[in-house]
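Here is the structure we will look at.
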Amino acid sequence: MNKFAPSHGVKMSPAPELKATLTLPQTTFPMKANLPQNEPLRLAHWASISLYQELRKAGQGRPAYLLHDGPPYANGPIHLGHALNKGLKDFVVKSKTMAGFDAPYVPGFDCHGLPIEIKVDEKLGRKKLEMPVPSVLEACRAYAQKYVDLQTSQFERIGCFGRWQTPYKTMSRDYEARTLEAFYGFLEKGFVYRGLKPVYWCIHDRTALAEAEVEYDMHTSPSVYVRYRLTSAPAAIAPALAGRDVSTIIWTTTPWTLPASLAVAFHPDFEYVALAAGEGPDAPVYIVAAELAAQTAAACKLDPVTELARFKGAVLDRVTFQHPFLDRSILGVLATYVTADTGTGAVHTAPSHGADDFYTGQRYNLDSTCRVDASGHIHVDPEAWNHASPPAFDGLKVWAANPVIVAMLEESGALLAGAPLVHSYPHCWRCHHPVIFRATEQWFIGLETPVKRADGSETTFRQLAIEEIDKVIWDPAWGKERITNMIATRPDWCISRQRIWGVPIAVFLCEGCQQPIMSTELNRKITGLFEREGAEAWHTTDVASLLPTGAACAHCGGTEFRKETDILDVWFDSGTSWFAVCESDPELKPAYSAFQNGKGTECLYLEGGDQHRGWFHSSLLTSVALRGRAPYSHVSTAGWTLDEQGRAMSKSLGNGVDPVDIANRMGGEIVRLWVASVDFREDMAASENLMQRCAELYRKVRNTFRFLLGNLGGFDPIRDRVAEADLLPLDRYMLARTRDLAERILGWYKDFEFHRVYQAVNEFAIVDLSSFYLDVLKDRMYTFAPTSQERRSAQTVLWQIAESLVRLVAPILSFTADEVWEHLPSVEGREASVHLALFPKPEEIFSEDPAPLLNEWKQLFEIRDVAMQALEGARQEKKIGKALEADVEIRAIGETLDLLRSHANGLKEILNVSRVTVLDGAKLERSGADVFYTVSLASGTKCARCWNFMPEVGDYGIWQNVCTRCQSALTEMGIAPPQPTEAAQ
RNA sequence: UGCGGAGUAGCUUAGUUGGUUCAAAGCACUCGAUCGAUAAUCGAGAGAUCAGGAGUUCGAUUCUCCUCUCCGCAACCA
């Protein structure tokens with residue numbers, strides 16, 4: 001409250017003392033936010049009042065809304081993508097909470113997997129080789145926990161609410177047990193089989209390598225052109241070939257794979273030619289791709305050549321050739337990956353030594369058995385070698401076998417050409433030796449497994465998954481098409497990894513027949529063991545203590561068993577979070593169960609678009625397999641964060657924006673504001689510059705709040721609130737406007753259109769409030785008696801706006817809204833934090849339909865806009881300075897005139913001038929327009945107190961030039977004008 | 001290469017069952033006002049061939065096709 005405090009003895013004009021009689025804005029809400037310093041204090045405050053627990057308490061009995069968190073990988077500090085992800089989720093959780101839902105949020109962390117294991121490997125170095133497995137696991141666990149803690153603190157720093165004290169972690173004992181239980185579920189329902197798959201293999205380290213562990217480097221290989229003789233009827237390919245000696249030529253850089261050669265692949269759509277090398281009917285004929293014919297002929301020195309026939313590769317399907325040195329028939333196969341830029345267009349295919357080869361082999365039912373052992377030694381297939389002694393390459397390492405095989409080809413005349421080739425080749429990241437492709441035994445989940453629908457009808461796993469996709473809301477809508485395509489075309493899910501940091505595939509295999517023991521009872525026992533001791537138990541407990549005495553293999557009766565040492569794919573871990581968390585956590589279980597039973601409870605997954613192949617995908621498969629339905633009802637996807645030029649953020653470009661750094665320098669609120677400012681469904685640009693923009697907008701919004709608060713001094717909502725019907729027209733209009741804003745914002749929160757909230761709040765704060773309402777209100781707020789009806793009318797609305805806006809903005813500006821909340825006039829029984837409050841109800845802001853009033857004022861604003869132009873013109877001509885120095889005369893006709901006359905009393909205020917006169921334009925000359933303006937220098941004398949130009953301005957005590965309006969205000973305020981004194985003279 | 005997405009003022013976003021009310025808003029920028037929101041505030045101005053091209057139409061930013069650029073995911077290099 002302002003108090004009149006005469007400044008005795010100060011020799012100045014009377015003006016400063018008059019100024020002291022004004023009610024200028026006053027608030028303890030600071031202009032400068034100091035976010036980096038103050039946000040941590042507020043976080044500590046929230047922790048001290050256990051805000052998250054309070055929110056859960058407040059949510060009791062409300063309908064539930066579940067947002068299930070996709071776990072970020074715990075191997076580093078958070079980046080902008082994480083901040084975006086968690087920020088959006090926080091907006092959802094907070095807005096749902098304030099919309100009246102019980103929206104618990106249990107964050108999660110993905111902890112197993114290769115990247116962490118590699119990091120730990122690097123740290124342990126050679127020591128790892130001597131360490132027992134549980135000790136290495138312990139190191140992995142500690143490593144992951146370190147980043148769980150770091151990321152937790154970083155997410156909390158940017159204001160994300162959630163159960164951070166007890167998040168879910170895929171490495172927790174419970175979670176590991178549930179993961180294993182889910183695997184057993186697959187096993188028992190018949191989804192799991194063991195099969196071959198080619199993987200990168202390091203023969204030096206004798207281990208499978210993940211793609212991330214492979215680096216490309218230059219390598220010299222012996223490239224060879226090899227003749228494969230046709231054994232099927234040449235005439236079937238082209239009549240011109242009848243009776244000829246026909247071959248094809250393959251090109252390879254890995255001669256050691258030739259013993260595993262089972263097929264030659266041709267592109268079905270390519271043109272192939274049959275070239276006769278030399279003259280006469282006995283000249284050999286070679287089939288190669290037309291486009292590569294000249295190149296191949298040159299490389300193999302075939303000259304001259306004559307084209308005998310030309311045909312599509314498709315005709316070569318299932319022709320047969322003779323293997324160059326083995327007693328084996330080679331099949332002609334078709335494959336679209338055959339290219340026309342290198343080689344001959346005929347690709348030697350060894351299903352056990354290449355990805356493409358493998359899948360082609362599967363299509364043609366070829367044997368994929370790998371005859372290269374873990375250390376890279378070749379063991380020749382005895383069935384394909386009918387000679388007395390094994391071939392020279394038998395038992396050799398693949399690299400050593402290369403020259404032996406080349407020599408053998410040369411001897412038999414199958415070698416047409418050969419030369420060393422330097423090319424990019426995969427190498428082991430650790431030992432830097434070249435790696436090979438090797439078909440190994442793996443565990444798979446079969447997508448074509450027969451399953452039953454809920455109604456009992458038969459279908460396949462793949463098909464059911466696709467049907468369940470259709471029942472989910474995908475936002476944006478194209479996500480449905482995307483994931484459907486992926487599920488429709490994906491191969492079987494390989495769930496095994498030859499690693500240690502993960503959940504073991506805790507299965508016993510018969511030493512005799514390699515079949516797993518299938519026992520529900522045993523599975524339960526092991527799950528229980530995991531619950532008690534964690535996954536380490538699989539490594540520390542010996543076979544005998546787990547297996548029942550006298551256990552025998554159901555297939556072969558064997559009694560010797562070994563533990564499977566593979567672990568589960570990490571995508572299986574996180575993909576079962578709905579099972580390990582939503583179905584198991586007491587806080588989530590009831591709501592999730594209501595969701596699964598179709599009781600209308602939503603379950604939302606919200607992640608980056610990359611998760612269509614990741615978490616959305618793996619979660620869908622596990623839930624469809626185990627529960628027959630999708631694990632979510634709504635999937636929302638975010639785009640990618642890019643830099644200002646639209647490039648992906650990367651370490652090498654150095655164009656990344658570190659959210660933690662932004663939070664420390666500008667405030668977590670600024671990170672949040674950035675998240676809200678962009679349409680997250682598309683790719684988003686971020687940069688220091690854009691963050692700066694957000695910081696500037698922040699200042700504007702904050703300052704608007706500050707002004708609102710500054711004008712609420714002395715206002716007690718209970719005591720001073722003016723009834724809606726008694727409000728001044730302008731104030732009523734602003735209330736209608738606020739209701740309209742609230743309605744729109746509530747709709748946008750519902751649709752996750754946060755950027756529209758951001759835009760609308762900015763625009764409201766800047767246009768409606770700062771540059772219009774608040775500006776125009778200054779005269780009333782400053783000069784009228786504080787308790788006058790006019791001022792209370794405005795305060796009622798300012799208070800209502802502040803109360804509404806602070807709640808509407810709270811999910812995004814979580815720190816600032818709470819700070820504003822504390823500075824609002826206190827009301828008994830209100831919540832301790834804005835986050836415990838609910839969104840305002842539109843009809844409680846303003847009881848009527850706002851549309852008619854908004855429409856009426858829209859016309860008024862059109863008139864105002866033109867009037868402002870006229871004022872600006874006068875200002876440019878230096879006729880006036882500030883608007884109060886002007887009088888405006890408006891002449892209008894018809895409806896416009898009626899409208900103006902009905903608002904006659906408010907026009908002065910709206911235009912912020914000293915006087916507005918409305919005249920009937922019909923009596924005046926017309927020139928096309930409905931409205932005419934005359935702007936003139938205000939008549940009368942400037943009031944020394946309110947700066948309005950008034951006709952009657954006189955003395956009031958020592959004060960000279962005080963208008964009658966101010967005089968009565970001063971009287972109402974009980975301020976006696978000081979009498980002239982010596983000091984004042 | 002395949003699947004999917006995006007391209008409206010310097011920036012972030014509006015917009016369109018195709019049409020006089022469609023090229024909009026805020027910010028940033030420039031100029032001006034004010035000095036009673038002052039590490040503030042107010043006003044005005046300029047700024048876009050709606051990625052490019054072709055087509056459908058009386059008329060396209062909006063519909064169709066093509067091209068270019070960028071992004072994600074997956075794959076490939078015998």
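Order of the sequence lines fixes the chain letters, A, B, ..., with proteins taken first and strands second; residue numbering starts at 1 for each chain.
- Comparing A:E763 and A:T783 by the nucleotide of RNA chain B that holds the closest heavy atom to each, the one mapping nearer the 5' end is A:E763.
- Note on A:V678: only backbone sugar-phosphate atoms sit closer than 4.0 angstrom, heavy atoms only; bases stay farther off.
- Comparing B:G26 with B:U8, their C1' atoms are spaced 15 Å from each other, to the whole Å.
- Within 4.0 Å of A:N912, counting heavy atoms only, lies no atom of the nucleic acid at all.
- Whole-Å rounding puts the A:K19 NZ to B:A37 P distance at 9 Å.
- Taken from SG in A:C966 to CH2 in A:W959, the straight-line distance is 10.5 Å, to the nearest 0.5 Å.
- When heavy atoms are screened at a 4.0 angstrom cut-off, A:A355 is found touching the sugar-phosphate backbone but no base atom.
- Judged by ring centres under 5.5 Å apart and planes tilted less than 30 degrees, A:W947 stacks against the six-membered base ring of B:G36.
- Checking B:C3, B:U13, B:G26 against every side-chain atom of A:L697, the shortest atom distance belongs to B:G26.
- Of the candidate nucleotides B:A74, B:C3, B:A78, B:A78 has the atom nearest to the side chain of A:H423.
- Rounded to whole angstrom, the span from the NE2 atom of A:H219 across to the P atom of B:C77 amounts to 15 Å.
- Of the candidate nucleotides B:G5, B:U12, B:A37, B:A37 has the atom lying nearest to any side-chain atom of A:Y782.
- Atom-to-atom, CE of A:M486 to C1' of B:C3 comes out at 7 Å; the value is rounded to the nearest Å.
- Of the candidates B:C3, B:A78, B:C76, the closest approach to any side-chain atom of A:R482 belongs to B:C3.
- Ionic pairing of A:D475 and A:K480 is not present here: no N-O contact between side-chain nitrogen and carboxylate oxygen is shorter than 4.0 angstrom.
- A straight line from CG of A:L673 to P of B:C27 spans 14 Å, rounded to a whole angstrom.
- A:R706 comes within contact range of the sugar-phosphate backbone alone, with a heavy-atom separation under 4.0 Å but no base atom that close.
- The main-chain N or O of A:A33 is never found under 3.5 Å from a side-chain atom of A:Y698 such that the two would form a donor-acceptor pair.
- Contact annotation for A:R693: base contact, defined as any heavy-atom pair under 4.0 Å involving a base atom.
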Check nucleotides 41-45 of chain B against the protein and report each pair of N or O atoms closer than 3.5 Å, with its distance, or say if there are none.
from  : atom 1 : to     : atom 2 : distance (Å)
B:U41 : OP1    : A:K700 : NZ     : 3.0
B:U41 : O3'    : A:S770 : OG     : 3.2
B:U41 : O2'    : A:K778 : NZ     : 3.2
B:C42 : OP1    : A:S770 : O      : 3.3
B:C42 : OP1    : A:S770 : OG     : 2.5
B:C42 : OP1    : A:S771 : N      : 3.1
B:C42 : OP2    : A:K700 : NZ     : 3.3
B:G43 : O2'    : A:E872 : OE1    : 2.6

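- Taking atom C1' in both B:G19 and B:G59, the straight-line distance is 7 Å, to the nearest Å.
- Within the 4.0 angstrom heavy-atom criterion, no nucleotide atom of any strand lies near A:T336.
- Taking the six-membered ring for Trp, A:W615 and A:Y605 have ring centres closer than 6.0 Å.
- Backbone-only engagement by A:D679 is indicated by non-hydrogen atom pairs under 4.0 Å involving sugar-phosphate atoms exclusively.
- For A:F861 and A:F772, the distance between ring centers is under 6.0 angstrom.
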* To do: Just do the ring pair (Phe, Tyr, Trp, His ring centres under 6.0 Å) check on A:F752 and A:F91 with the steps written out, would you?
  => CA-CA 8 Å; A:F752 306 157; A:F91 296 166; over 10 Å; no
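- In this entry the distance linking CD1 of A:I469 with P of B:G4 reads 14 Å, nearest Å.
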* **Watson-Crick or G-U pairs under 3.5 Å in RNA chain B, rendered as dot-bracket with [ ] for crossing pairs and | for another strand** => (((((((..((((.....[....)))).(((((.......))))).....(((((..]....))))))))))))....
* **Derivation and outcome, side-chain hydrogen bond (donor to acceptor under 3.5 Å, both in side chains), residues A:H755 and A:S677** => CA-CA 5 Å; A:H755 64 288; A:S677 75; over 6 Å; no
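- For B:C42 and B:C63, the C1' atoms lie 45 Å apart once the distance is rounded to whole Å.
- As rounded to whole Å, 11 Å separates atom C1' of B:A74 from atom NE2 of A:H617.
- Residue-level contact check: A:A685 touches the backbone only, with heavy atoms under 4.0 Å from sugar-phosphate atoms and none from bases.
- Counting non-hydrogen atoms under 4.0 angstrom, A:R756 reaches the backbone sugars and phosphates but no base.
- Between the A:T254 side chain and the A:T252 main chain, no donor and acceptor come within less than 3.5 Å of each other.
- With both ends at atom P, the span from B:A33 to B:A9 equals 33 Å, rounded to whole Å.
- Between the C1' atoms of B:C27 and B:A14, the separation comes to 14 Å (whole Å).
- Between B:A40 and B:C50, the two C1' atoms lie 37 Å apart (nearest whole Å).
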* To do: Apply side-chain hydrogen bond (donor to acceptor under 3.5 Å, both in side chains) to A:H348 and A:T257, showing your working.
  => CA-CA 9 Å; A:H348 135 68; A:T257 61; 2.8 Å; yes
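- In this structure a side-chain-to-backbone donor-acceptor pair under 3.5 Å is missing from A:Q26 to A:L709.
- Backbone-only contact: A:G881 has heavy atoms under 4.0 Å from sugar-phosphate atoms and none from a base.
- Phosphate proximity of B:A33 to A:K878: present, with a side-chain N or O under 4.0 Å from OP1 or OP2.
- The pair A:D610-A:R613 fails the salt-bridge criterion, with no side-chain N (NZ, NE, NH1 or NH2) lying under 4.0 Å from an Asp/Glu carboxylate O.
- Regarding contacts with the backbone of B:U34, every side-chain N or O of A:K882 stays at 4.0 angstrom or more from both OP1 and OP2.
- Nucleotides B:U16 and B:U21 place their C1' atoms 14 Å apart, quoted to the nearest Å.
- If you take atom P in B:A78 and the same atom in B:U64, they sit 42 Å apart, rounded to whole Å.
- Using a 4.0 Å cut-off between charged nitrogen and carboxylate oxygen, A:R875 and A:E872 count as a salt-bridge pair.
- Of all nucleotides listed (B:A14, B:C73, B:G26), B:G26 comes nearest to the side chain of A:V767.
- Across the interface with RNA chain B, nearest-nucleotide mapping of A:E696 and A:R945 shows A:E696 to be the residue nearer the 5′ end.
- When rounded to the nearest whole Å, the span between CG of A:L884 and P of B:U34 equals 12 Å.
- The distance between atom CE of A:M684 and atom C1' of B:C11, rounded to the nearest whole Å, is 16 Å.
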Every protein N/O within reach of nucleotides 63-70 of chain B N/O, cut-off under 3.5 Å:
from  : atom 1 : to     : atom 2 : distance (Å)
B:C70 : O2'    : A:G646 : O      : 2.8

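- The OH atom of A:Y782 sits 10.0 Å away from atom CH2 of A:W947, with the distance rounded to the nearest 0.5 Å.
- Taking the six-membered ring wherever Trp is involved, the centroid distance between the rings of A:F29 and A:F705 does not fall below 6.0 Å.
- Aromatic pair A:H353/A:W256: ring centres closer than 6.0 Å.
- Side-chain proximity of A:L22 to B:G36, B:C11, B:G15: nearest is B:G36.
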